[in-house]
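Residue numbers start from 1 in every chain, and the chains themselves are labelled A, B, ... in the order their sequence lines are given, proteins ahead of strands.
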Protein chains: 2
Amino acid sequence: MTEKQTRAPRLDARRNHARILEVAHAVVAEQGTQASLRDIARRAGIGLGTLYRHFPTRDELLETLLGERFDRLAATAAALETTHPPADALTEWLAEYAAFTTVYRGLTSSVMTTLEDENSSLHASCLAMRQTAGRLLSNAQQAGLVRSDVTGIDLFALVNAVGWIAEQAPSLSARRDHLLGLVLDGLRPAAGRP
Amino acid sequence: MTEKQTRAPRLDARRNHARILEVAHAVVAEQGTQASLRDIARRAGIGLGTLYRHFPTRDELLETLLGERFDRLAATAAALETTHPPADALTEWLAEYAAFTTVYRGLTSSVMTTLEDENSSLHASCLAMRQTAGRLLSNAQQAGLVRSDVTGIDLFALVNAVGWIAEQAPSLSARRDHLLGLVLDGLRPAAGRP
DNA sequence: ACCTGAACACCGTTCAAGT
DNA sequence: ACCTGAACACCGTTCAAGT
């Protein structure tokens with residue numbers, strides 16, 4: 001078979017696609033995940049309908065902007081599992097994800113909202129990542145380093161929540177690492193507690 | 001002096017004020033803190049300009065809807081301080097606040113956003129509450145029950161963050177108490193930790 | 001096959017005109 | 001003193017008309 005299984009897109013379409021993503025990244029970096037789609041089309045110099053043709057929903061656009069990063073975070077999780085002891089692997093990955101959280105304002109909201117919406121384009125790539133990272137949690141739990149009543153979603157929600165906090169006010173942004181530390185400490189099993 | 005220090009408002013103004021609040025509560029309960037102001041005016045049967053005359057900003061409206069609750073939460077904190085031992089008083093109050101968090105969708109966002117905005121009408125009443133509740137934290141810390149590197153804002157941010165999580169998805173809403181428990185556990189001083 | 005922009009139904013905010 | 005709604009500048013989304 002040749003390199004085109006589906007029909008090759010027209011040249012102008014390919015160029016528009018690329019141009020949209022380029023501009024969208026810039027605008028979303030400025031205005032956050034709720035950025036004006038109209039503004040993106042305007043700045044990209046294309047018709048509004050063209051934007052919608054390439055990305056029928058906002059999530060579709062976000063997925064294209066974030067997909068690679070989700071994949072990389074999944075790969076990082078897989079790598080950490082083999083190179084690091086359970087506890088280190090988990091905390092390291094969580095720090096990585098916390099950093100990811102800062103690339104766009106509103107990112108944590110976007111991710112969390114689409115968590116249980118299987119129709120969202122963000123669902124699949126995010127789920128894959130969460131499943132890979134979930135193994136790090138299981139490992140840490142089996143090693144007795146994390147409470148057993150913490151689910152993967154619990155933990156994921158908490159990291160995103162700390163990211164959300166950091167978005168709310170400058171002074172809180174400065175405390176992000178500290179807050180993440182506090183939260184993660186709470187996940188350790190109670191040693192000598194009632 | 002008589003009962004009117006400032007001039008008494010006209011009857012129609014008083015009625016509109018009350019009607020707005022009544023309808024606003026209903027609409028915000030339905031749509032969350034980002035509810036359409038136009039919709040509120042429409043449903044209240046008043047002109048949009050009238051809504052703006054009574055509440056020049058959305059925060060002003062929210063403050064009027066939430067002010068009493070903030071005051072009550074402050075009073076609860078003051079009461080708990082005298083009736084309960086430090087640790088109980090703190091966790092009890094936090095549970096109370098966590099419950100408050102559920103009255104309107106988007107409430108945690110609204111509160112957190114205006115935390116460092118002294119111009120917001122939500123600022124004052126919320127600050128007063130936080131200061132009273134802050135004493136519960138201090139007491140718990142002095143009794144050695146809570147890590148000393150936790151500030152009042154840290155803790156307030158974390159409770160709101162758990163409220164935010166619960167807003168994001170139904171399954172997470174069911175875990176809200178569990179998540180709050182996890183987070184609060186993380187605030188206890190490390191007994192025998194490295 | 002793809003692009004375009006007008007059209008529609010919404011917002012928030014302001015302000016001249018009314019009573 | 002207070003109310004009203006039109007006016008303005010924005011949205012997101014759709015779709016007939018173009019090439």
Side-chain angles (χ1 to χ4, degrees), chain A residues 4-24 27-28 30-65 105-106 109-110 113-114 117 119-122, chain B residues 4-24 27-28 30-65 105-106 109-110 113-114 117 119-122:
Chain A
K4 43 172 174 177
Q5 334 169 221
T6 60
R7 192 163 261 91
R10 246 165 52 178
L11 176 69
D12 54 350
R14 274 219 316 278
R15 274 216 296 244
N16 280 336
H17 192 89
R19 176 103 187 100
I20 291 169
L21 285 177
E22 186 188 348
V23 173
V27 175
V28 174
E30 277 176 32
Q31 309 182 6
T33 56
Q34 295 308 314
S36 159
L37 299 179
R38 236 195 187 81
D39 200 28
I40 294 175
R42 211 155 28 207
R43 287 217 233 169
I46 61 166
L48 185 48
T50 307
L51 176 58
Y52 273 88
R53 164 170 260 266
H54 286 268
F55 303 100
T57 105
R58 167 178 252 111
D59 278 359
E60 218 116 1
L61 180 56
L62 283 178
E63 207 288 324
T64 314
L65 289 176
R105 237 169 352 102
S109 260
S110 296
T113 306
T114 57
D117 175 13
N119 298 333
S120 162
S121 344
L122 279 170
Chain B
K4 41 173 176 177
Q5 334 169 225
T6 61
R7 190 163 260 92
R10 244 163 55 175
L11 176 68
D12 54 348
R14 274 219 317 277
R15 275 216 296 245
N16 280 336
H17 191 88
R19 177 103 186 99
I20 290 170
L21 285 177
E22 186 187 349
V23 173
V27 175
V28 173
E30 277 177 30
Q31 310 181 5
T33 57
Q34 295 308 316
S36 159
L37 300 179
R38 237 199 187 75
D39 200 29
I40 294 175
R42 211 155 30 207
R43 288 217 234 169
I46 61 166
L48 185 49
T50 308
L51 177 58
Y52 273 90
R53 164 170 259 266
H54 285 269
F55 303 100
T57 105
R58 167 177 254 111
D59 278 359
E60 218 116 3
L61 179 55
L62 282 178
E63 207 287 325
T64 314
L65 288 176
R105 241 175 343 107
S109 262
S110 296
T113 306
T114 57
D117 176 12
N119 297 334
S120 163
S121 343
L122 278 170

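A distance-only check finds no donor-acceptor pair linking the side chain of A/R43 to the backbone of A/A24 [under 3.5 Å]. Side-chain atoms of A/R105 do not come within 3.5 Å of backbone N or O of A/Q34 as any donor-acceptor pair. When atom types are taken as modelled, the side chain of B/R42 and the backbone of B/L48 share no donor-acceptor pair closer than 3.5 angstrom.
Scanning both residues, A/Q31 and A/D39, for their nearest heavy atoms gives NE2-OD2, 2.9 Å.
Proximity of A/N16 to the phosphate of C/dC3: a side-chain N or O atom is located under 4.0 Å from OP1 or OP2. A sub-4.0 Å separation between OP1 or OP2 of C/dC3 and a side-chain N or O of A/H54 is present.
In this structure, CG of B/L51 is placed 13 Å from P of D/dG5, rounded to the nearest angstrom. When the C1' atom of C/dC3 is taken as reference, atom CZ of A/F55 falls 15 Å away, rounded to whole Å. If you measure from atom CZ of A/R19 to atom P of C/dC3, you get 14 Å, rounded to the nearest angstrom. One atom, CG of A/D12, and another, C1' of C/dA1, lie 8 Å apart when rounded to the nearest Å. Nucleotide C/dA1 holds its P atom 18 Å from the NE2 atom of A/H17, rounded to whole Å.
Contacts of B/R42 with the nucleic acid, taken as non-hydrogen atoms under 4.0 Å apart, involve only primed sugar atoms and P, OP1 or OP2.
For A/D117, the side chain to side chain contact (heavy atoms under 4.5 Å, CB included) partners two or more places apart in sequence, or in a different chain, are A/N119, A/S120.
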Practice task
Summarise protein proximity over nucleotides 12-19 of chain C in one line of letters, 5' to 3': B for base, S for sugar-phosphate only, - for none, counting protein heavy atoms closer than 4.0 Å.
Solution key: BBBB----

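Paired runs in DNA chain D that reach 3 or more consecutive Watson-Crick or G-U pairs, where each pair keeps both distances under 3.5 Å, cover C:4-8 with D:12-16, C:12-16 with D:4-8.
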